[in-house]
Amino acid sequence: MGLPDFSRETHYSGIVAGVDEAGRGPWAGPVVAAVVILDRGRTPAGINDSKQLSKSKREALFDSIAMVATVATGICTVEEVDRYNILGATKLAMLRAYEALPVKPDIALIDGNQLPQLPCAMDAIVDGDALCVSIAAASVIAKVTRDRLMAVLAQEFPQYGWERNAGYGTREHQEALMRFGVTPHHRRSFAPIRRLLGAKAA
C-alpha cells in the first residue's frame, strides 16, 4: 500500500480536517487527539500512519506539519479515562481538539468507525490513517504529542520506562508494576491494573 493521499478527501467540499488519537491501548497516561487541516499546496512529503514511521521521522514530520497546517490537540487525563471509559475519553479529547482550532472545518474525517460529537459534518473512515493524508497527519501530531507527555511523566516515575514504552503493557512495564506498584498515572479501569490492585488488596 502506498502513502495516504488526498484522493478520498476530494469528494468533500469546503474545509476538510483529519482527526485521530493516540493512547487508547496503554495502561498509563492520557489519551490525546489531534485535528489537522492541511494546505494542499504545502503538504509535507512522507506523511503516513504514525505507526508506520520511525520516531525520528515522526518528530520531523510533526515540526513540518505544524509549520504549514492548522493544528490543534485535545487531552483527556487518566482520571477522565477511568470516569468515561477509553472510548468516551477519546471522543471527548477529539471534541477538545476541535474546539481549540482557530479555523473550523466544514467536515471532519475521523479515523475508525466511531464518531465523536463535533459541531460539524463528519465521516468515519476505517483505517483512515492509512488512506487519508489529513488523518495520517493528525495521527502523527497526536502520537508525538503523547510521547512527549509520557517522557515528562517518566521523569517523575523513571522505573516504568514510559519514555520508551509510552505506557503500553510491555514486559518492562509489567515488571516495574510488580516491583513498584501502581502510580497515579495508571488507568485503574484497565483490566491489568484492576487485577493488580485487587491482588494487592487481597
Side-chain angles (χ1 to χ4, degrees), residues 1-26 30-76 84-149 166:
M1 182 182 293
L3 293 174
D5 55 31
F6 283 110
S7 59
R8 288 175 179 255
E9 301 180 30
T10 57
H11 302 300
Y12 306 98
S13 59
I15 299 172
V16 178
V19 184
D20 203 1
E21 53 71 32
R24 288 186 64 173
V31 62
V32 175
V35 182
V36 174
I37 300 172
L38 290 171
D39 179 342
R40 296 187 186 183
R42 297 194 300 160
T43 299
I47 295 176
N48 199 358
D49 172 7
S50 65
K51 297 184 292 294
Q52 303 301 318
L53 299 170
S54 66
K55 181 177 180 178
S56 60
K57 183 63 174 176
R58 286 195 301 266
E59 291 278 355
L61 279 171
F62 179 97
D63 293 337
S64 298
I65 293 166
M67 286 178 61
V68 299
T70 302
V71 173
T73 57
I75 297 170
C76 268
Y84 302 122
N85 74 47
I86 188 59
L87 179 58
T90 298
K91 291 181 177 181
L92 179 56
M94 289 178 174
L95 175 60
R96 287 173 176 168
Y98 173 91
E99 290 175 338
L101 279 173
V103 176
K104 298 301 189 277
D106 296 297
I107 186 165
L109 307 182
I110 316 295
D111 183 53
N113 59 7
Q114 297 279 340
L115 291 176
Q117 291 185 319
L118 304 184
C120 68
M122 293 178 287
D123 199 359
I125 302 177
V126 176
D127 295 326
D129 49 8
L131 299 170
C132 297
V133 68
S134 293
I135 297 177
S139 79
V140 171
I141 297 295
K143 171 65 173 167
V144 173
T145 299
R146 187 177 186 279
D147 283 353
R148 291 175 177 177
L149 290 172

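Position 1 is the first residue of the sequence; numbering continues from there.
- Put simply, the side chain of R146 gets close to the backbone of A166: a donor and an acceptor are under 3.5 Å apart.
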Candidate pair D39 and V68, rule side-chain contact (heavy atoms from CB on, under 4.5 Å), full reasoning:
CA-CA 7 Å; D39 179 342; V68 299; 5.6 Å; no
Test log, rule side-chain contact (heavy atoms from CB on, under 4.5 Å), inputs K51 and S139:
CA-CA 8 Å; K51 297 184 292 294; S139 79; over 6 Å; no
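- The backbone N or O of I15 lies less than 3.5 Å from a partner atom in the side chain of D106, making a donor-acceptor pair.
- A donor-acceptor pair under 3.5 Å links the side-chain atoms of R58 to the main chain of L53, judged by distance alone.
- In terms of heavy-atom proximity, A124 sits nearest to G112 at CB-O, 3.4 Å.
- By the 4.0 Å N-to-carboxylate-O rule, E59 lies close enough to R148 to be salt-bridged with it.
- Under a 3.5 Å cut-off, the side chain of D49 and the backbone N or O of Q52 do not form any donor-acceptor pair.
- Interatomic distance, L3 CG to I47 CD1, rounded to the nearest 0.5 Å: 9.5 Å.
- One distance of note links CG of L109 with OH of Y12; it measures 5.0 Å at 0.5 Å rounding.
- Closest heavy-atom contact between A97 and V35: CB-CG2, 3.6 Å.
- Of the listed residues (K143, M94, K91), just one forms a side-chain contact (heavy atoms from CB on, under 4.5 Å) with E21, and that residue is M94.
- V103 and I37 make their closest contact through O-CD1, 3.6 Å (heavy atoms, listed as atom of the first residue, atom of the second, distance).
- Scanning all heavy atoms of the two residues, the minimum distance from S134 to A17 falls at CB-C, 4.4 Å.
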For the pair T145 and I141, evaluate side-chain contact (heavy atoms from CB on, under 4.5 Å) and give the outcome as yes or no after the intermediate values.
CA-CA 6 Å; T145 299; I141 297 295; 4.1 Å; yes
Do I75 and R96 pass the side-chain contact (heavy atoms from CB on, under 4.5 Å) test, and can you show the C-alpha distance, the side-chain angles, and the key distance before you say yes or no?
CA-CA 7 Å; I75 297 170; R96 287 173 176 168; 5.9 Å; no
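- Under the 4.0 Å criterion applied to side-chain N and carboxylate O atoms, D147 and K55 are not assigned as salt-bridge partners.
- In this structure, D111 contributes its side chain and D129 its backbone to a donor-acceptor pair below 3.5 Å.
- Heavy-atom minimum distance, Y84 versus A89: CB-N, 4.0 Å.
- L95 has its side chain within reach of P119: a pair of non-hydrogen atoms, C-beta onward, lies under 4.5 Å apart.
- Separating the OG atom in S7 from the CG atom in L131 is a distance of 8.0 Å, to the nearest 0.5 Å.
- Rounded to the nearest 0.5 Å, atoms CD1 (I125) and CG (D20) are 11.0 Å apart.
- Taking CG of L38 as the start and OG1 of T43 as the end, the distance is 4.5 Å to the nearest 0.5 Å.
- The closest side-chain heavy-atom distance from V36 to V140 is not below 4.5 Å.
- To the nearest 0.5 Å, atom CG of residue N113 and atom CG of residue D127 are 10.0 Å apart.
- Two residues are said to be in side-chain contact when any heavy atoms from C-beta on lie closer than 4.5 Å; R8 and V16 fail this criterion.
- Minimum interatomic distance between V71 and L101 (heavy atoms only, all atoms of both residues): C-CD2, 4.2 Å.
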